[in-house]
Amino acid sequence: AQSVTQLDSQVPVFEEAPVELRCNYSSSVSVYLFWYVQYPNQGLQLLLKYLSGSTLVESINGFEAEFNKSQTSFHLRKPSVHISDTAEYFCAVSDRANFGNEKLTFGTGTRLTIIP
Amino acid sequence: DGGITQSPKYLFRKEGQNVTLSCEQNLNHDAMYWYRQDPGQGLRLIYYSQIVNDFQKGDIAEGYSVSREKKESFPLTVTSAQKNPTAFYLCASSITGGTLAEAFFGQGTRLTVV
């Protein structure tokens, strides 16, 4: 079985400061990793994903995440946050064993609040 | 515009009643999913369907039922057997089953039992 741990339920950050949202996973097999973002009262949107290749993946709005196999982590970072980044962020994992039939396991979410 | 439409946005139900949540997509996606979101618990998979007339239980299927008679539609019924139905329900779809294809989410339905 796989699981995802997001240790920080809430992260307040001043505007233009850097931020890191932590995500650790456990799985007995190789995994795919994802970050989703949820704005208030909306559904989730895929922010970025790691499937294979380079361990550093980037989104179009300045976020990046690095897959660290030895530490089983996939932390999300942004060097300078904006008010519009206020949202809840979910880390998710699926195992590679069931190709084409993978299912996502989500973390409990981290609420990012940007302080003006 | 293509997308996923969930209705209604807010729904109130009396204890002991069944209620059906609607999910429609015009993205021509084969796979559809229902998730339940509770504060501090993330998203949990209720049911999913990879093709018309076929669906599988997710991690928390008890007290819920679904149907997939049309490719565009995947309604979820919350039955009276569901002991704690108050939650935010999210429907999603993807072009194929699995996670390699990006899942698109609807705006959600907030169900409250009164």
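Naming: A, B, ... by sequence-line order, numbering from 1 per chain.
Of all the heavy atoms in Gln37(B) and Phe90(A), the pair that sits closest is NE2-CZ, 3.2 Å. Of all non-hydrogen atoms in Gln38(A) and Leu90(B), the two that sit nearest each other are NE2-CD1, 4.1 Å.
If you measure heavy-atom distances from Gln6(A) to chain B, you find no contacts under 4.5 Å at all. Contacts of Arg44(B) with chain A are absent, with no heavy-atom separation under 4.5 Å from either backbone or side chain. In this structure, chain A has a heavy atom under 4.5 Å from the side chain of Phe88(B), while its backbone stays farther away.
Linking ILVMFWY residues whenever their side-chain heavy atoms come closer than 4.5 Å, directly or via other members, leaves Ile4(B) and Leu11(B) in distinct clusters. Both Val93(A) and Phe74(A) belong to a common hydrophobic cluster when Ile, Leu, Val, Met, Phe, Trp and Tyr are linked at side-chain heavy-atom distances under 4.5 angstrom. In the hydrophobic cluster analysis, where Ile, Leu, Val, Met, Phe, Trp and Tyr join through side-chain heavy atoms closer than 4.5 angstrom, Phe105(B) is grouped apart from Leu27(B). Connection of Val11(A) to Tyr36(A) is not established within any shared hydrophobic cluster, with ILVMFWY side chains joined at heavy-atom distances below 4.5 Å, either directly or through further cluster members.
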Derivation and outcome, side chain to side chain contact (heavy atoms under 4.5 Å, CB included), residues Tyr35(B) and Leu104(A): CA-CA 10 Å; Tyr35(B) 289 89; Leu104(A) 287 169; 4.1 Å; yes

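Counting heavy-atom neighbours within 6.0 Å of Lys9(B) NZ, excluding the residue itself, gives a total above 12.
With sequence neighbours excluded, the residues forming a salt bridge (Lys or Arg N to Asp or Glu O under 4.0 Å) with Glu66(A) are Arg77(A), listed by chain and number.
In this structure the side chain of Leu43(B) reaches within 4.5 angstrom of the side chain of Leu44(A), judged on heavy atoms.
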